[in-house]
Participant: 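Here it is, the structure in full.
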Amino acid sequence: MSCDFTKEGNLTVSNAAYTDEVAESFAKESGVNPRPNERKFELDETGAFIRQANTFIEPFGSEPGNHKAEANRFAIYWAKGCHWSNRPVITRDILGLTDLIKDQLVTQTGETNVYGHGFGDQEGFKDPITGVHFLSEFYKNANPNYTGRATTPTLVDIKDLKAVNNDYHRLTNYLEVQFRPFQPKDAPDLYPVAYRKEIDEFNDWLFPTVNNGHYRMSFCSSLSAYEEAFADFYAALDKLEVRLSNNRFIFGDFITDADIRVFPTLVRWDIWYYRNVGPIHKRIRDYPNLWAYTCELYNIPAFHKNTYVRDIALRRIREGGTDFASRIAGQIDYEKFFATDGSRKALSKHPDQLYLKHPEDETVEDYIKPISTTHWNDKDIKVRNPNNRTISVDPSINPLKGIIDK
């Protein structure tokens, strides 16, 4: 095998061998610390996984100290396997912001990923946009005292080389609302002003039950915490299965921000997540409505382009390995696996229209309203306990049925 080499200081770097030694040399140069281990630092006294609060949550807006939406200033740093980070790139593409907001995939660093997200598949193991070696460098530049994990997605100011926002709870909303002036005139309305309360409430229920449900099972350290997460996850799927039996999408005939949050978890479950959680109750494929819904979304361009299902499925398989993934995953035709027959169109009054249009009399100023906050970003680990969830309407019921669809 031929290798390309580049010089990094006094070190010769092979793009075919990103070793821990190489990663450590970069870390010393840039002054970054090893990545904290969530399995050690994000568990409560019961062994339950309580995900760290997001730190870079300053909103985009017009108030003093708020970030300002700007073209060609920001990039989304994300990882193929991370469903949190899949969401903003899907949103960006749907809204026609691809040419204004860059994106860059990250990989692990070195052999054991001691320093977290980096650019192991890039020339010189550098970010091709900014030249840094680690995602955490942007965090250090923004806050030299930051001690948490550098997470994906992170919206980065690529001019100042600083992390701007890592709030996966609200990042898609900022793209939808604060970046509205940069969207094409006919861009879809994923987050209608009149229905944001219902969408936010659903999304904040979805986080601990479904989106973080997989991680609660994967990272917990006690049987009781595992069983609680397991029960929450499958109870939530049961409710979504009922909801999607008479709704094409989460809130009816049109794709909203909520669908962009449901999809990345579901599409990863049967090809990747199942490996990390122990015995599973059901595959997503065993839920007729959830599966058909997932497949329909997967075949929509913005979702398909940004969901690397084969790459995700083939992560960490071992040649000659006896586990299912190593034996079988490479034989699957994933496009056929996620094929859709179009039958869910029958649930819609607007079968050929995927997205809601902005009201004709709505101005950009009308649309740009402050985004709600969420208690899932609270610094108190007790406040972020997954049991602290409320929703005013049973999630199996669409409160906007026949309203948003008019």
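Quick note: numbers below take in every heavy atom, side chains included, and nothing from hydrogens, waters or symmetry partners.
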Participant: Mind checking whether Y139 and F134 have ring centres under 6.0 Å apart?
Facilitator: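 Distance test on ring centres: not under 6.0 Å, no.
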Participant: Mind running side-chain contact (heavy atoms from CB on, under 4.5 Å) on Y168 and N86 for me, showing each step along the way?
Facilitator: CA-CA 10 Å; Y168 48 81; N86 202 187; over 6 Å; no
Participant: Please determine, by modelled atom types, if D200 and S372 share a side-chain donor-acceptor pair under 3.5 angstrom.
Facilitator: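 Per modelled atom types, D200 and S372 side chains form a pair under 3.5 Å.
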Participant: Does the Lys NZ or Arg CZ of R315 fall within the cation-pi geometry relative to W272 - under 6.0 Å from the ring centre and within 45° of the axis?
Facilitator: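 That pair qualifies as a cation-pi contact.
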Participant: Using the ring of Y367 (Phe, Tyr or Trp, six-membered ring only), decide whether R196 places NZ or CZ under 6.0 Å from its centre and within 45 degrees of its axis.
Facilitator: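 The answer is yes; both the distance and angle limits are met.
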Participant: Got a sec, which pairs hit salt bridge (Lys or Arg N to Asp or Glu O under 4.0 Å) with one end in residues 168-187, sequence neighbours left out?
Facilitator: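 Residue pairs passing salt bridge (Lys or Arg N to Asp or Glu O under 4.0 Å), neighbours aside: R170-D204.
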Participant: Would you confirm whether the ring centroid of Y287 sits within less than 6.0 angstrom of the ring centroid of W269?
Facilitator: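 No, the ring centres sit 6.0 Å or more apart.
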Participant: Would you check if the side chain of T374 reaches a backbone N or O of N377 as a donor-acceptor pair within less than 3.5 Å?
Facilitator: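 No.
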Participant: Flag the pair V114 / R35 as yes when at least one side-chain heavy-atom distance between them is below 4.5 Å, and no otherwise.
Facilitator: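 A side-chain contact is absent here, since even the closest heavy-atom pair is not under 4.5 Å.
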Participant: Are more than 12 heavy atoms, taken from residues, nucleotides or ligands other than K40, located less than 6.0 Å from that residue's NZ atom?
Facilitator: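 Counting neighbours around NZ of K40, 12 or fewer heavy atoms of other residues, nucleotides or ligands fall under 6.0 Å, so no.
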Participant: Does a salt bridge link K382 with D44, judged by any charged N lying under 4.0 Å from a carboxylate O?
Facilitator: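 Not counted as a salt bridge, because no side-chain N and carboxylate O are separated by less than 4.0 Å.
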Participant: Rounded to the nearest 0.5 Å, how far does CD1 of I391 lie from OG1 of T209?
Facilitator: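 T209 OG1 to I391 CD1: 8.5 Å, rounded to 0.5 Å.
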Participant: Any side-chain heavy atom of I284 within less than 4.5 Å of one from V267?
Facilitator: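 No - every pair of side-chain heavy atoms lies 4.5 Å or more apart.
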Participant: Answer with yes or no after comparing the ring centroid distance for F125 and Y18 against a 6.0 Å cut-off, counting only values under it.
Facilitator: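 Yes; Y18 has its ring centre under 6.0 Å from that of F125.
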Participant: Test E42 against N37 for side-chain hydrogen bond (donor to acceptor under 3.5 Å, both in side chains), laying out the working first.
Facilitator: CA-CA 8 Å; E42 296 174 48; N37 188 325; over 6 Å; no
Participant: Between D352 and K345, is there a salt bridge with N-O shorter than 4.0 Å?
Facilitator: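 Between D352 and K345 there is a salt bridge, with a charged N closer than 4.0 Å to a carboxylate O.
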Participant: Where the side chain of N141 meets the backbone of F138, is there a donor-acceptor pair that is under 3.5 Å apart?
Facilitator: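 Absent.
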Participant: Would you say that V210 contacts V262 through its side chain, given a criterion of any heavy-atom pair below 4.5 Å between the two side chains?
Facilitator: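 No, side chains not in contact.
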Participant: Tell me whether the rings of Y308 and W78 are parallel (<30°), tilted (30 to 60°) or perpendicular (>60°).
Facilitator: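 Correct class here is tilted.
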Participant: Side chains of T112 and D20: any donor to acceptor distance under 3.5 Å?
Facilitator: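 Yes.
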Participant: Classify the ring geometry of Y273 against H214: parallel below 30°, tilted from 30° to 60°, perpendicular beyond 60°.
Facilitator: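 Ring orientation, 0 to 90° scale: parallel.
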Participant: Aromatic rings Y334 and F337: how do their planes relate, parallel, tilted or perpendicular, breaks at 30° and 60°?
Facilitator: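 Ring orientation, 0 to 90° scale: perpendicular.
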Participant: Would you find a donor on one side and an acceptor on the other, under 3.5 Å apart, between the side chain of E201 and the backbone of S392?
Facilitator: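 Indeed, once roles are kept as given, a pair shorter than 3.5 Å links the two residues.
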Participant: Which class fits the ring pair F26 and H133: parallel under 30°, tilted 30 to 60°, perpendicular over 60°?
Facilitator: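 Geometry flag for H133 against F26: parallel rings.
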Participant: To the nearest 0.5 Å, how far apart are CG in N145 and OG1 in T55?
Facilitator: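 Going from CG on N145 over to OG1 on T55, the span is 11.5 Å.
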Participant: What distance do F219 atom CZ and R39 atom CZ have between them, rounded to the nearest 0.5 Å?
Facilitator: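 Going from the CZ atom of F219 to the CZ atom of R39 covers 4.5 Å.
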Participant: For the side chain of Y146 and the backbone of R149, is there at least one donor-acceptor N/O pair under 3.5 Å apart?
Facilitator: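 Answer holds: yes.
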Participant: For H375, does its backbone N or O pair with a side-chain atom of R384 as donor and acceptor, under 3.5 Å?
Facilitator: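 Pair absent, no side-chain N/O of R384 close to backbone of H375.
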Participant: Tell me yes or no: between the side chains of D167 and N165, is some donor less than 3.5 Å from an acceptor?
Facilitator: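 N165 and D167 do not have a side-chain donor-acceptor pair below 3.5 Å.
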Participant: Ignoring hydrogens and angles, tell me if any N or O in the side chain of N113 forms a donor-acceptor pair with the backbone of T109 under 3.5 Å.
Facilitator: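 Yes, the answer is positive, given that a donor and an acceptor are paired below the 3.5 Å cut-off.
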Participant: Do T130 and D127 have side-chain N/O donor and acceptor atoms under 3.5 Å apart?
Facilitator: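 Yes.
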Participant: Contact between L237 and L266 at the side-chain level, heavy atoms closer than 4.5 Å - yes or no?
Facilitator: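 They are in contact (side-chain heavy atoms under 4.5 Å apart), so the answer is yes.
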Participant: Less than 4.0 Å between a side-chain N and a carboxylate O, is that true for R73 and D157?
Facilitator: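 Here D157 pairs with R73 in a salt bridge, since their nearest N and O are under 4.0 Å apart.
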Participant: Determine whether F338 and D270 make a side-chain contact, defined as any pair of heavy atoms from C-beta on separated by less than 4.5 Å.
Facilitator: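 SC-SC contact between F338 and D270 ruled out.
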Participant: Start with the C-alpha distance between T154 and N166, add both sets of side-chain angles, then the distance that settles side-chain hydrogen bond (donor to acceptor under 3.5 Å, both in side chains), and finish with yes or no.
Facilitator: CA-CA 4 Å; T154 298; N166 73 334; 5.4 Å; no
Participant: Donor-acceptor pair, distance only, cut-off 3.5 Å: does the side chain of S136 make one with the backbone of A150?
Facilitator: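 No.
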Participant: Check each of T172, N211, T91 against R261 using the side chain to side chain donor-acceptor pair (under 3.5 Å) test, and report the only one that passes.
Facilitator: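 Answer after filtering T172, N211, T91: T172.
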Participant: Does NZ or CZ of R268 come closer than 6.0 Å to the centre of the six-membered ring of Y274, within 45° of the ring's axis?
Facilitator: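 No; the conditions do not both hold, so R268 does not lie above the ring face of Y274.
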Participant: Validate the cation-pi geometry between K282 and Y234: distance from NZ or CZ to the six-membered ring centre under 6.0 Å, angle to the ring axis within 45°.
Facilitator: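 Negative - K282 is either too far from the ring of Y234 or too far off its axis.
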Participant: Any carboxylate oxygen within less than 4.0 angstrom of a Lys/Arg side-chain nitrogen, looking at E70 and K159?
Facilitator: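 So E70 pairs with K159 through a salt bridge.
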Participant: Answer yes when D311 and K80 have at least one side-chain N-carboxylate O distance shorter than 4.0 Å, and no when they do not.
Facilitator: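 Counted as a salt bridge, because a side-chain N and a carboxylate O are separated by less than 4.0 Å.
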Participant: Could you state the interatomic distance from CD1 (I404) to CD1 (I250), rounded to the nearest 0.5 Å?
Facilitator: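 If we round to the nearest 0.5 Å, I404:CD1 and I250:CD1 are 11.5 Å apart.
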Participant: N66 and E58: side-chain donor and acceptor closer than 3.5 Å?
Facilitator: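 Yes, a side-chain donor-acceptor pair sits under 3.5 Å.
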Participant: Y215 ring centre to R51 NZ or CZ under 6.0 Å, with the angle to the axis within 45°?
Facilitator: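 Judged by the rule (NZ or CZ under 6.0 Å from the ring centre, within 45° of its axis), R51 counts as positioned above Y215.
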Participant: Any non-hydrogen side-chain atom of Y174 less than 4.5 Å from a side-chain atom of P59?
Facilitator: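 With C-beta onward as the side chain, the pair touches.
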Participant: Measure centre to centre between the rings of F251 and Y195, then say whether the value is under 6.0 Å.
Facilitator: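 No, the ring centres sit 6.0 Å or more apart.
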Participant: Count the heavy atoms of every other residue, nucleotide or ligand shown that sit under 6.0 Å from CG of D394, and state whether that count exceeds 12.
Facilitator: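 Yes, CG of D394 has more than 12 neighbouring heavy atoms, counting only those of other groups under 6.0 Å.
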Participant: Would you call R310-E335 a salt bridge at under 4.0 Å N-O?
Facilitator: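 Answer for the salt bridge query: no.
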Participant: Atom CZ of R87 and atom CG of L175: how far apart are they, to the nearest 0.5 Å?
Facilitator: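 With rounding to 0.5 Å, CZ (R87) is 11.5 Å from CG (L175).
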Participant: Could you walk me through whether F60 and F74 pass ring pair (Phe, Tyr, Trp, His ring centres under 6.0 Å), step by step?
Facilitator: CA-CA 12 Å; F60 281 78; F74 304 103; 5.5 Å; yes
Participant: Does a donor on one side chain sit under 3.5 Å from an acceptor on the other, for D257 and N203?
Facilitator: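 Note: D257 and N203 side chains meet the donor-acceptor criterion.
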Participant: Is any side-chain heavy atom of R243 less than 4.5 Å from a side-chain heavy atom of F202?
Facilitator: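 Result yes, sub-4.5 Å side-chain heavy-atom pair found.
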Participant: Describe, in one word, how the ring planes of H304 and Y298 are oriented to each other, choosing from parallel (under 30°), tilted (30 to 60°) and perpendicular (over 60°).
Facilitator: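 Geometry flag for Y298 against H304: tilted rings.
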Participant: Could you label the plane-to-plane angle of the F207 and W84 rings as parallel, tilted or perpendicular, counting under 30° as parallel and over 60° as perpendicular?
Facilitator: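 Tilted.
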Participant: Kindly compute the distance separating CG (L400) from NZ (K197), expressed to the nearest 0.5 Å.
Facilitator: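 Output value for this atom pair is 10.0 Å.
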